[in-house]
Q: 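For reference, the structure I am asking about is given below.
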Amino acid sequence: MAKKALFVGGTGTISTAIVKRLSMDKNWEVWLLNRGNRKDAVPQGVHQIIADINDEETVAKKLEGMSFDVVGEFIGFTVDQVERDYRLFHDKTKQYIYISSASAYHKPQADYIITEGTSLANPYWEYSRNKITCEEFLMQKYREEGFPVTIVRPSHTYDERHIPLGVHGKNGFWQVIKRMQEGKPVIIQGDGTSLWHVTFNRDFAVGYTGLMGNQHAIGEAFQITGDETLTWNQIYQTIADALGVELKAYHVAAEYLAAVGDKYGYDFTGSLIGDKSASVVFDNRKLKRIVPEMKSTVMFHEGVQIALEYVLAHPELQVEDPEFDKWCDRVIKALEKSKESV
């Protein structure tokens, strides 16, 4: 008999590739629990439970009589949400896989090599601290009650609908791409030489699905990233090359971006100082010991080409952000003026 998996969410950047991969595997019966807003992203043969996971009473009724081999949580960001999940699923699943975040690792880091044993602490980003609290709650339930949890920590995962960047506005990546196309300078945090991992979602799905139903994964945490390590300068240059334009990089200290960004509602303190401005190299040997097929098959220059072709063919993804565009111009102008006065 096929195993049953239920994914809370299931149509996001990370989860879409997992659902698509499993939908083609006759050994799995796939269910999604979400509000049904992206039915176009649901593969044929996948079952849906249409409900808002925050409406616990309604969800509990819809789950009556059901049980699963795996429940995967993709949209749990605060401890009250995983506490709710525990109430809903503790007697309905043989494995609960929680998506945490590699941004939870200690900042500032003591070593640029990151393993699952690296301590968790991030004073710069509330998002990361909330993920840490969720992990602590779930692992306590594992230790005290045997709740079958597996923690997964992604880093920067992208798909054909997104372009990975360090600095962008509230509307996402497109305005930076537009600035490149228009020959305008684009802001890169620091000097652009810090190391980073970007992972195409199809590769991430291999690592994730390899943990599903795997007894060696219960009570453990795993980081899932690609093997390729790039500097931010290389990331932006690869994007510019794929666009066929000159990269006009403008390097700005992350601390300065955090200071001037916070005034305009850009949380660069969290996203940069608490995450992307740190040099990181992820050691994925723990994952590969139990999922040996995990490796990068979509290198960044290939993934960017896939993403740009898709985005350029889908105007609805080209969401402009004139406010961020003006902010970039102001930052660059102010810094150039300060150089003249020195």
Side-chain angles (χ1 to χ4, degrees), residues 14 77-79 98-139 151-158 164-170 176 186-199 204 220-237 249-287 300 327-328 331 335 338:
I14 289 177
F77 301 103
T78 57
V79 70
Y98 175 67
I99 292 287
S100 183
S101 171
S103 68
Y105 288 122
H106 199 284
K107 304 295 186 308
Q109 69 276 31
D111 192 328
Y112 75 100
I113 300 291
I114 304 295
T115 72
E116 288 82 357
T118 299
S119 60
L120 305 180
N122 192 329
Y124 303 107
W125 206 1
E126 184 181 14
Y127 165 82
S128 306
R129 294 194 297 274
N130 285 338
K131 288 290 189 179
I132 293 169
T133 305
C134 290
E135 286 197 31
E136 290 172 343
F137 169 81
L138 292 167
M139 292 306 295
I151 304 293
V152 169
R153 299 178 188 139
S155 184
H156 205 154
T157 307
Y158 70 106
L165 295 169
V167 180
H168 60 76
K170 298 172 186 176
V176 178
V186 294
I187 294 173
I188 301 176
Q189 72 273 17
D191 62 3
T193 62
S194 59
L195 300 173
W196 196 244
H197 283 243
V198 285
T199 309
F204 182 94
E220 297 288 342
F222 298 87
Q223 55 198 24
I224 303 180
T225 73
D227 301 315
E228 189 176 21
T229 307
L230 299 165
T231 67
W232 281 103
N233 285 335
Q234 290 173 321
I235 289 171
Y236 277 76
Q237 186 63 60
Y250 198 90
H251 295 100
V252 182
E255 291 78 7
Y256 182 85
L257 290 172
V260 298
D262 285 352
K263 298 176 183 178
Y264 292 87
Y266 303 130
D267 183 16
F268 294 135
T269 299
S271 66
L272 294 183
I273 298 175
D275 196 23
K276 296 181 181 68
S277 66
S279 260
V280 292
V281 175
F282 292 98
D283 181 342
N284 292 314
R285 284 179 292 180
K286 179 179 179 181
L287 174 69
F300 186 59
W327 180 84
C328 290
V331 168
L335 288 171
S338 67

Q: Test your reading of the model: is there a side-chain donor-acceptor pair from Thr199 to the backbone of Gly226, 3.5 Å cut-off?
A: yes
Q: Return yes if a side-chain donor-acceptor contact under 3.5 Å exists between Thr269 and Asp262, otherwise no.
A: yes
Q: By the definition ring-ring contact (aromatic ring centres under 6.0 Å, His included), identify the one residue from Tyr112, Trp232, Tyr236 that meets it with Trp196.
A: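 The option that passes is Trp232.
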Q: Heavy atoms, side chains only, cut-off 4.5 Å: are Ile151 and Phe222 in contact?
A: no
Q: Strictly under 6.0 Å, is that where the ring centroids of Trp327 and Phe268 end up?
A: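 Ring centroids of Trp327 and Phe268 are less than 6.0 Å from each other.
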Q: For residues Tyr250 and Val331, determine if any side-chain heavy atom of one lies less than 4.5 Å from a side-chain heavy atom of the other.
A: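 No, their side chains stay 4.5 Å or more apart.
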Q: Is the closest side-chain donor-acceptor distance between Thr231 and Asn233 under 3.5 Å?
A: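 There is no such pair between these side chains.
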Q: Is it true that a side-chain atom of Ser279 and a backbone atom of Leu195 form a donor plus acceptor pair closer than 3.5 Å?
A: yes
Q: Looking at Pro123 and Lys107, what are the two nearest heavy atoms and their distance?
A: CD-O, 3.2 Å
Q: Do the ring planes of Tyr158 and Phe300 sit parallel (below 30°), tilted (30 to 60°) or perpendicular (above 60°)?
A: perpendicular
Q: Got Glu116 and Tyr105 here, is their nearest side-chain heavy-atom distance under 4.5 Å?
A: yes
Q: How close do Ser128 and Ser103 get, heavy atom to heavy atom, and via which atoms?
A: OG-OG, 2.7 Å
Q: I'd like to check the side-chain contact (heavy atoms from CB on, under 4.5 Å) partners of Asp227; sequence neighbours left out, ordered by chain and number.
A: Lys288, Lys295, Ser296
Q: Taking the side chain as C-beta and beyond, is there a heavy-atom pair between Lys131 and Tyr98 under 4.5 Å?
A: yes
Q: Would you say the side-chain atoms of Gln223 pair up with the backbone N or O of Asp283, donor to acceptor, closer than 3.5 Å?
A: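 Here the side-chain-to-backbone pair exists.
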Q: Ignoring hydrogens, what is the shortest heavy-atom contact between Ala121 and Ile132? Give both atom names and the distance.
A: N-CD1, 3.7 Å
Q: What residue among His197, Arg153, His156 forms side-chain contact (heavy atoms from CB on, under 4.5 Å) with Thr225?
A: His197
Q: Between the main-chain N or O of Pro108 and the side-chain N or O of His106, is there a donor-acceptor pair closer than 3.5 Å?
A: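 Yes.
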Q: Please list every donor-acceptor pair under 3.5 Å in which a side-chain atom of residues 270-277 meets a protein atom from a residue at least two apart or in another chain.
A:
{"from": "Ser271", "atom 1": "OG", "to": "Asp267", "atom 2": "O", "distance (Å)": "3.0"}
{"from": "Ser277", "atom 1": "OG", "to": "Leu272", "atom 2": "O", "distance (Å)": "2.7"}

Q: Return yes when atom CD of Glu126 has more than 12 non-hydrogen atoms of other residues, nucleotides or ligands closer than 6.0 Å, and no otherwise.
A: no
Q: Under 3.5 Å, side chain of Tyr266 to main-chain N/O of Leu257, donor-acceptor pair present?
A: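 Not confirmed, Tyr266 side chain does not pair with Leu257 backbone.
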Q: Taking all non-hydrogen atoms of both residues, which atom of Asp191 and which atom of Thr193 are closest, and how far apart?
A: OD1-OG1, 2.6 Å
